[in-house]
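Quick note on labels: first sequence line is chain A, next is B, and so on, each numbered from 1. Quick caveat: nothing in here was measured; it's all calculated off a predicted structure.
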Protein chains: 2
Amino acid sequence: MDKSAPRRITIVDVARHAQVSTTTVSKVLRNAYGASPAMRAKVRRSIDELGYRPSAAARGLRGQTYTIGVMLPELRNLFFADILDGITAQLAGTDYQVLLAPGCNGEKAEARVIEAMIDRSMDGLVLIAPVSAKSRLNTVARGVPTVVVGRHGPSTTYDTVTDDDVAGAALVVDHLADLGHRRIAHIEHHETDPVRLREMPNAQRANGYREAMRARGLGDEIDVASTTYTQQGGYLGAKALLARPVRPTAIFAGADVVALGALEALADAGLSVPGDISVAGYDNSALAAFGPISLTSVDQDGREMGANAARLLVDRIAERDRRTTHVKLTPTLVVRRTTAAI
Amino acid sequence: MDKSAPRRITIVDVARHAQVSTTTVSKVLRNAYGASPAMRAKVRRSIDELGYRPSAAARGLRGQTYTIGVMLPELRNLFFADILDGITAQLAGTDYQVLLAPGCNGEKAEARVIEAMIDRSMDGLVLIAPVSAKSRLNTVARGVPTVVVGRHGPSTTYDTVTDDDVAGAALVVDHLADLGHRRIAHIEHHETDPVRLREMPNAQRANGYREAMRARGLGDEIDVASTTYTQQGGYLGAKALLARPVRPTAIFAGADVVALGALEALADAGLSVPGDISVAGYDNSALAAFGPISLTSVDQDGREMGANAARLLVDRIAERDRRTTHVKLTPTLVVRRTTAAI
DNA sequence: TTGAAAGCGCTAACAG
DNA sequence: CTGTTAGCGCTTTCAA
């Protein structure tokens, strides 16, 4: 077993082998203008014969690295995985490679990861549900093409892709109201920061819930338990709601995990779903679809969001001064077995 | 809003600001030998004042990129996420940044991703459950420090971290046998390739099952349904087993998803678990732990595996010609509510 | 211990 | 259309 890895083939080797200049090889690599078909063919042949692969590090020093960085708060969230699928699908066939950083929950970790990606000369960034301050996002986006996914509020420095959370919440409220429910409660993720209150999906869902309730003439029935978007948050939220003088007949949880926790609390209380009480979630994760759970939930089509994000990013890399665009997709409701007529 | 991103601070700026040579700055950056404490302090101050960040691309051209690439077949697999947690936890506090590539299932995608990582001058690679040919892995490992996780079979070019799948299978068989079961069937992932038959965890589990059955004097009861490690595979496998002249009293599924599919098939057949039949899985994923499912399963401690992998990799980066080491961890059985005495 | 200078592999600007 | 040349920002000899 020979230890010495043979010296890596470089652009110079290819140029020599093909009897052309390195410039020409470079042009072929980048599909750039200014090389005759004959030259191209010759260079391509040499590349294949020598098994040449351009060094991204070296390219990055002058031009692009053909690398796109994706930051997402939590790998275990299946919705984020869908977004990622959309991104990679959209980028398949291009020269771009997607790389992602694991576990970036919290403003600090987020900052570190974004720095790391900039240090590595990534051509563009997709930030999924970032929690950083807006000014920080703007600074980042001014330095490198950036698309923000899942955070509302337009920007003039980065493109955004969001799902209409207000509409999503309305879907749930309307569905439950159509089933005859009036006392429809909501479990939200507690938020105080004014910017986030405007931009984060959880806040939008809570707003959407309130709006929709009023629109249905149920303004007096508005009842919100403010916890967190975790299973435990759902459990505690449901407990709190069950302790009300008049118990709600339906719970709209702001996320599927929250609904899961709520289901647990209801089971503990000896209540049947949807017999005694209806429950709906948000995200239509695999958990919601899973047979024994079968949770009514709002579907966001993460793949579509990811594909849009990738498209916007590639466009912006090509034309950095382009005006920003903001894509807002419309969610749908997937009715399953946790909601029923009162 | 000013458009022009200010020119990035370089090592030259720092050198000028600190009134030293770029060489000295470089030494400080790398904690390399040959700079006095006074110099170090001065340089560090300038770095902070200027907000300097070294460019990984430029560093990579001569030295390291301080980037470690992780390849894993499937982001949605929670066990892999645990491994990742272990890797990042172990690497926290070092200068290394972990980056991973999404969706590398299949030999072709795997090859593409590995190439991409090599192109980007990653300092080291962690390959989780790779399916590539062994010769390919050796070639890769000869070029860049590599640790292979979750694939048996020692190598002289790369380190490995595995869990003892044979022992894990035995845990399940012994548990079920202790409960009085004799007709214990197994659903395996079909495998024909001789190398994989020796190296892949699924094959090891099937072997472990057979061995343990014989060790308990149940050699005649060995019954294997050969499908795939998917939910559907579990469904079909269980269907097949239920069609036997004498139905098994317990099913050992090679993975939790498989067990899930099996549970579905049993429900379809009107059988109760564990009343009519016991079911055990493998991986102890979040799904297994989830209350309503509560699946008895083998736990592999992915975090520990990841931490080991990271440690080995960092060691090998520091000393490339070190002899390879092979870490084999021992699984444990988590008994839940899908297994009971016959 | 410190620094000057020569690349690493590639792309961009410019000449021919 | 093709080639020459000068860097990109860093690390690494090698002298001082």
Side-chain angles (χ1 to χ4, degrees), chain A residues 5-44 46-47 50-67 95 115 118-123 143-144 317, chain B residues 5-43 46-47 50-67 95 118-123 143-144 317:
Chain A
R7 193 183 56 80
R8 208 188 152 94
I9 310 286
T10 74
I11 199 173
V12 179
D13 299 316
V14 176
R16 190 157 32 215
H17 185 271
Q19 315 237 56
V20 299
S21 71
T22 58
T23 308
T24 305
V25 178
S26 176
K27 280 178 178 163
V28 173
L29 289 176
R30 289 172 292 124
N31 296 311
Y33 177 83
S36 62
M39 282 280 172
R40 274 179 202 287
K42 203 158 57 164
V43 171
R44 289 251 164 67
S46 294
I47 288 178
L50 298 176
Y52 165 75
R53 307 215 29 128
S55 149
R59 301 180 94 169
L61 227 43
R62 286 310 236 128
Q64 297 185 229
T65 54
Y66 298 95
T67 309
D95 286 335
E115 286 297 306
I118 293 174
D119 293 346
R120 281 156 187 78
S121 317
M122 304 230 170
D123 293 339
V144 49
I317 289 171
Chain B
R7 192 183 56 82
R8 204 187 155 94
I9 311 287
T10 74
I11 200 172
V12 178
D13 300 316
V14 177
R16 188 157 34 214
H17 185 271
Q19 317 237 55
V20 298
S21 70
T22 58
T23 309
T24 304
V25 178
S26 175
K27 280 177 179 164
V28 173
L29 288 177
R30 289 173 291 124
N31 295 310
Y33 178 82
S36 64
M39 281 281 173
R40 275 180 201 288
K42 204 159 57 165
V43 171
S46 294
I47 287 177
L50 298 177
Y52 165 74
R53 305 212 33 126
S55 149
R59 300 181 94 169
L61 227 44
R62 293 296 250 144
Q64 298 185 229
T65 53
Y66 298 94
T67 310
D95 286 335
I118 294 174
D119 293 346
R120 282 155 187 80
S121 318
M122 304 233 171
D123 294 339
V144 50
I317 290 171

How would you label the contact of [X] with the nucleic acid (heavy atoms, under 4.0 Å): base, sugar-phosphate, or nothing?
{"X": "A/Thr24", "value": "sugar-phosphate"}
{"X": "A/Gly34", "value": "base"}
{"X": "B/Val25", "value": "nothing"}

Legend entry - Contacts of type side-chain hydrogen bond (donor to acceptor under 3.5 Å, both in side chains), residue A/Thr23, not counting sequence neighbours: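 In terms of side-chain hydrogen bond (donor to acceptor under 3.5 Å, both in side chains), with neighbours along the sequence ignored, A/Thr23 is linked to no residue.
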Inset, instruction - Only counting residues at least two apart or in another chain, list the ones meeting side-chain hydrogen bond (donor to acceptor under 3.5 Å, both in side chains) with B/Ser26. - result: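 B/Arg30.
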Legend entry - B/Met122 side chain reached by B/Tyr66 side chain, heavy atoms, under 4.5 Å: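 No; the side chains remain at least 4.5 Å from each other.
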Inset, instruction - Please tell me if the side chains of A/Ile317 and A/Gln64 come closer than 4.5 Å, counting only heavy atoms from C-beta onward. - result: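 When only atoms from C-beta onward are counted, A/Gln64 and A/Ile317 do touch, with a gap below 4.5 Å.
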Inset, instruction - Tell me, please, the opening and closing nucleotides of DNA chain C, 5' to 3', among those with an atom under 4.0 angstrom from a non-hydrogen atom of chain A. - result: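 Listed 5' to 3', the contact boundaries are C/dG9 to C/dA13.
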Inset, instruction - For the pair B/Leu29 and B/Tyr52, evaluate side chain to side chain contact (heavy atoms under 4.5 Å, CB included) and give the outcome as yes or no after the intermediate values. - result: CA-CA 11 Å; B/Leu29 288 177; B/Tyr52 165 74; 3.7 Å; yes
Legend entry - Nearest heavy atoms of B/Ile11 and B/Thr22, plus distance in Å: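 That closest heavy-atom pairing would be CD1-O, 3.7 Å.
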Legend entry - Five-pair end axes of the helix from C/dT1-D/dA16 to C/dG16-D/dC1, angle between them (10°):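 If I round to tens, the end axes sit 30° apart.
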Inset, instruction - Please name the residue in the list A/Val14, A/Val20, A/Val43 that meets the side chain to side chain contact (heavy atoms under 4.5 Å, CB included) test with A/Val28. - result: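 So, applying the side chain to side chain contact (heavy atoms under 4.5 Å, CB included) to A/Val28 and each of A/Val14, A/Val20, A/Val43, only A/Val43 qualifies.
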Just the atom pairs and distances: protein N or O near nucleotides 8-10 of chain D's N or O, under 3.5 Å.
unit_1: D/dG9; atom_1: N2; unit_2: B/Ala58; atom_2: O; d: 3.4
unit_1: D/dC10; atom_1: OP1; unit_2: B/Tyr52; atom_2: OH; d: 2.4
unit_1: D/dC10; atom_1: OP1; unit_2: B/Ser55; atom_2: N; d: 3.2
unit_1: D/dC10; atom_1: OP2; unit_2: B/Ile11; atom_2: N; d: 2.3

Legend entry - side-chain contact (heavy atoms from CB on, under 4.5 Å) partners of A/Thr65, counting only residues at least two apart: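 A/Thr67, A/Ser121, A/Asp123.
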Legend entry - A/Gln19 CD - D/dG3 P separation (whole Å):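 These atoms are roughly 10 Å apart.
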Please tabulate, for the side chains in residues 54-62 of chain A, all donor-acceptor contacts under 3.5 angstrom to protein atoms that are two or more places apart in sequence or on a different chain.
unit_1: A/Ser55; atom_1: OG; unit_2: A/Ala57; atom_2: N; d: 3.4
unit_1: A/Ser55; atom_1: OG; unit_2: A/Ala58; atom_2: N; d: 3.1

Inset, instruction - Go through residues 35-43 of chain A and report each residue with a non-hydrogen atom lying under 4.0 Å from DNA chain D, sorted by number. - result: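 Per residue number, the list reads A/Ala35, A/Ser36, A/Met39.
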Inset, instruction - Any salt bridge (Lys or Arg N to Asp or Glu O under 4.0 Å) involving residues 14-24 of chain A? Give me the pairs, sequence neighbours left out, ordered by first then second residue. - result: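 As it turns out, the salt bridge (Lys or Arg N to Asp or Glu O under 4.0 Å) pairs with a partner in residues 14-24 of chain A, which skip direct neighbours, are A/Asp13-A/Arg16.
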Between side-chain atoms of residues 31-40 of chain A and protein atoms elsewhere (two or more places apart, or another chain), which donor-acceptor pairs fall under 3.5 Å?
unit_1: A/Asn31; atom_1: OD1; unit_2: A/Arg44; atom_2: NH2; d: 3.4
unit_1: A/Ser36; atom_1: OG; unit_2: A/Met39; atom_2: N; d: 3.3
unit_1: A/Arg40; atom_1: NE; unit_2: A/Ala35; atom_2: O; d: 3.3
unit_1: A/Arg40; atom_1: NH2; unit_2: A/Ala32; atom_2: O; d: 2.6

Inset, instruction - For B/Arg53, check salt bridge (charged side-chain N to carboxylate O under 4.0 Å, His left out) against everything at least two apart and list the hits. - result: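 Partners of B/Arg53 by the salt bridge (charged side-chain N to carboxylate O under 4.0 Å, His left out) criterion, ordered by chain and then number, come out as A/Glu115, A/Asp119.
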Inset, instruction - Determine, step by step, whether A/Ile118 and B/Arg8 satisfy the side chain to side chain contact (heavy atoms under 4.5 Å, CB included) criterion, reporting the C-alpha distance in whole Å, the side-chain angles of both residues, the deciding distance to 0.1 Å, and the verdict. - result: CA-CA 11 Å; A/Ile118 293 174; B/Arg8 204 187 155 94; 3.4 Å; yes
